[in-house]
Q: 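Before I ask anything, let me first share the structure, which is written out below as structure tokens.
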There are 2 protein chains.
Amino acid sequence: MDRAVTISQVAALAGVSTGTASKALNGRGALRPETRLRVQQAAEQLGFVANAAARSLQTGRTYTVGMITTDSIGRFSIPVLLGAEDALGAGQMSIFLCDARDDPIREQYYLRTLLSRKVDGIIVTGRRTQARAPIGVGLPVPVVYAFISSADPQDCSVVPDEADGSRRAVQHLLAIGRRRIAHVTGPEHHHSATIRAQGAVDTLAAEGLRLATPTLYGEWSEAWGRQAAGILLSTGADVDAVFCGSDQIARGLAEALTKAGKVIPRDIALVGFDNWDVMVDGCQPALTSVDMDLEGIGRTAAERLLAAINGSPAHGQHARPCRLVPRASTAV
Amino acid sequence: MDRAVTISQVAALAGVSTGTASKALNGRGALRPETRLRVQQAAEQLGFVANAAARSLQTGRTYTVGMITTDSIGRFSIPVLLGAEDALGAGQMSIFLCDARDDPIREQYYLRTLLSRKVDGIIVTGRRTQARAPIGVGLPVPVVYAFISSADPQDCSVVPDEADGSRRAVQHLLAIGRRRIAHVTGPEHHHSATIRAQGAVDTLAAEGLRLATPTLYGEWSEAWGRQAAGILLSTGADVDAVFCGSDQIARGLAEALTKAGKVIPRDIALVGFDNWDVMVDGCQPALTSVDMDLEGIGRTAAERLLAAINGSPAHGQHARPCRLVPRASTAV
DNA sequence: AATCGCTAGGAAATCGATTGCCTAGACGCT
DNA sequence: AGCGTCTAGGCAATCGATTTCCTAGCGATT
């Protein structure tokens, strides 16, 4: 609980002025090498760590960015966060994490806090239902939206290209010879559900095909997957593959279909979406899935934010391609 | 991109000195109510937000704590983080999040960064294998370990009482009339696995009972759960309940047992550990599980940290009780 | 009317690091 | 020997907010 060492103590020990000490430690100014070394040794000896507040007061830079997750920090924001941390850590920046929990009041409060702390930039992320209202206008710092996108097209957003993901999933199913493909997904009012469904329909259309049954909208849950399996089986639809809007739905389907005597992938092939480890590995057989590369999104968002901080802001929405990860559920 | 408003601009607009403006905004000093109001209105009008760096330089407080997760931020550290955020947010403190990714170098680097930023305190969390070495000695700020514990008994750690969790699980099974209880858990070298197993054994011993089979150690995965089911069935062990070291293991067991024709809970009752929503809800039937209340741990850790910051440090390890959440897998 | 006591608010130091400006002294050149 | 040049390093202002005096001015009291 010793109070902190200041640069003047280092300067005193090295027998120089504080200004000189500062220059020595920051590699600035014209100093004799031995002087520089003497100061560095003094700093080392005292365990000196510069006070970031004092430094940023002077320089105007804090080497800090704020990250606001609109929904509660969860499965989707974590990888984004990690990716951002990765990209920023290399630039020696720290992250202020704020969890707005879907509450606009909290969100504005956090925004204010971040501005008061003079962060160099802000990353906004959150569950992806649809484009969100900009978090603020005329802010004194750059903002990048990650995973979620801003309704203002001038804002910089980095999002997964979900239609691309659907395309890859469906093309994979076509490639293994399936033609009677069904699609089971989340709630119709959810942006991701509709865009993924549309992607599937479009991809099939390009091949002159259609979905084997109309898209089944429901919830993002295993229970719905099980239920949907029942629907598919009971209607007697002739289906040889199901592309699911999420891994959870796919897993529910897998369970129910297996129970009903269907063999996956022989009778029915399955593709999920999210590539969520516990789901794809826990599923029997292991589930082929679409990976949105959330870490990559976080990393890209952080890079764009850094660029904006350094004076080269990017605008508009950047959609990143998805990746298909084939596993046993589509292994022919 | 307007540069920030300073307190002297507010003071000028209100026709007072900066000192007076500061007092007005912070409710200090002796000012006429109308003066105070005038300053507040000026601040409002200009959108003034105090520069945290300048303030902390003066006051020595940053209203910021650092949170270092030793392993990559994951399933266990998130709830802890949320709980801490909750407790700290109420005190208007912000969190610096640092992900050390099991790398001691990163960890020390982050520690240094946090000290340079003059955080008021540090919370260390991470995957729980066993007590970890203290993150530093003689640090100028208080440190609290959450979920994981420090090897130094003088340090303050807040951890789940896993033996208590086991006791609750086993007593619940006893209460619904089961006597031939098996235990399937993770790797033997994992602290949580051994302590949970011991808790189960002790609880049974207190009733004059023993495990129906020796504890089955394996991995924390569904695959191991399925494999363990095979072992239990093939050895012909007469078992009417299985207490599992994790929800994933339990789910694997549930699947394999059901497939083998056993009815859960009629033939075999199941209890998991972690109360992980996607597992307990996805399991069929829904899984009874032990909840370690990770959010509560985060909250408690944050509270203890705040107490330490305010001069009342706590020492030693604080074990918090678990909670049993009964569901269909043990419903008689 | 003179003194005392208050109150409201101002002046200036302070926190710690950075940085532009300035100068002492060494060296070189004619 | 005298002058110019260059280098190493010191001085002091600065960032923005807080806080400790300190004082002007007003009212009350005897």
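Throughout, protein chains are lettered first and strands after them, A, B, ... in sequence-line order, and every chain is numbered starting at 1.
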Q: Hey, is Asp103(B) close enough to Arg101(B) for a salt bridge, meaning N to O under 4.0 Å?
A: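 Answer for the salt bridge query: no.
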Q: Count the heavy atoms of every other residue, nucleotide or ligand shown that sit under 6.0 Å from CD of Glu34(A), and state whether that count exceeds 12.
A: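 Enclosed.
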Q: Between atom CZ in Phe48(A) and atom P in dG16(C), what is the gap in whole Å?
A: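 Distance check: Phe48(A) CZ to dG16(C) P gives 11 Å.
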Q: From the options Val158(B), Val144(B), Ile122(B), Thr300(B), select the one residue that forms a side-chain contact (heavy atoms from CB on, under 4.5 Å) with Leu305(B).
A: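 Answer to the side-chain contact (heavy atoms from CB on, under 4.5 Å) test with Leu305(B) among Val158(B), Val144(B), Ile122(B), Thr300(B): Val144(B).
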Q: Is it the case that the side chains of Arg117(B) and Ser94(A) hold a donor-acceptor pair, with the cut-off being a distance below 3.5 Å and no angle test?
A: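 A pair is found: one side chain offers a donor N or O, the other an acceptor, under 3.5 Å apart.
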Q: Heavy atoms, side chains only, cut-off 4.5 Å: are Thr64(A) and Met93(A) in contact?
A: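 In short, these two side chains do not touch, never coming nearer than 4.5 Å.
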Q: Heavy atom of residues 9-31 of chain B under 4.0 Å from DNA chain C: which residues?
A: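 Going residue by residue through residues 9-31 of chain B, the ones with a heavy atom under 4.0 Å of DNA chain C turn out to be Gly15(B), Val16(B), Ser17(B), Thr20(B), Lys23(B), Ala30(B), Leu31(B).
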Q: Find the distance Asn51(A):CG to dC15(D):P and express it as a whole number of Å.
A: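 From Asn51(A) CG to dC15(D) P: 18 Å.
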Q: Does any residue of residues 55-65 of chain B have a heavy atom under 4.0 Å from DNA chain C, and if so, which ones, in number order?
A: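 Leu57(B), Gln58(B) - these, ordered by number, are the residues of the stretch whose heavy atoms sit under 4.0 Å from the strand.
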Q: Could you tell me whether Asp71(B) and Arg132(B) make a salt bridge, using a distance below 4.0 angstrom between a side-chain N and a carboxylate O?
A: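 Answer for the salt bridge query: no.
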Q: Phosphate oxygens OP1/OP2 of dA17(C): is one of them under 4.0 Å from a side-chain N or O of Ser8(A)?
A: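 Result: no.
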Q: Has Arg32(A) got a side-chain N or O lying under 4.0 Å from the OP1 or OP2 atom of dT7(D)?
A: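 So the side chain of Arg32(A) is outside the cut-off, no N or O lying under 4.0 Å from OP1 or OP2 of dT7(D).
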Q: Judged by modelled atom types alone, do Gln317(A) and Ser157(A) share a side-chain donor-acceptor pair under 3.5 Å?
A: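 Their side chains do not contain a donor-acceptor pair, so the 3.5 Å distance test is not met.
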Q: Name the residue from Asp161(A), Asp291(A), Asp274(A), Asp293(A) that meets the salt bridge (charged side-chain N to carboxylate O under 4.0 Å, His left out) definition with Arg323(A).
A: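 Exactly one candidate clears the test, Asp291(A).
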Q: Would you mind reading off the distance between Ile7(B) atom CD1 and dT19(D) atom P, rounded to a whole angstrom?
A: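 Rounded to whole Å, this separation is 11 Å.
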Q: Report the distance from atom CG of Leu46(A) to atom P of dG16(C), rounded to the nearest whole Å.
A: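 Nearest whole value for this atom pair: 14 Å.
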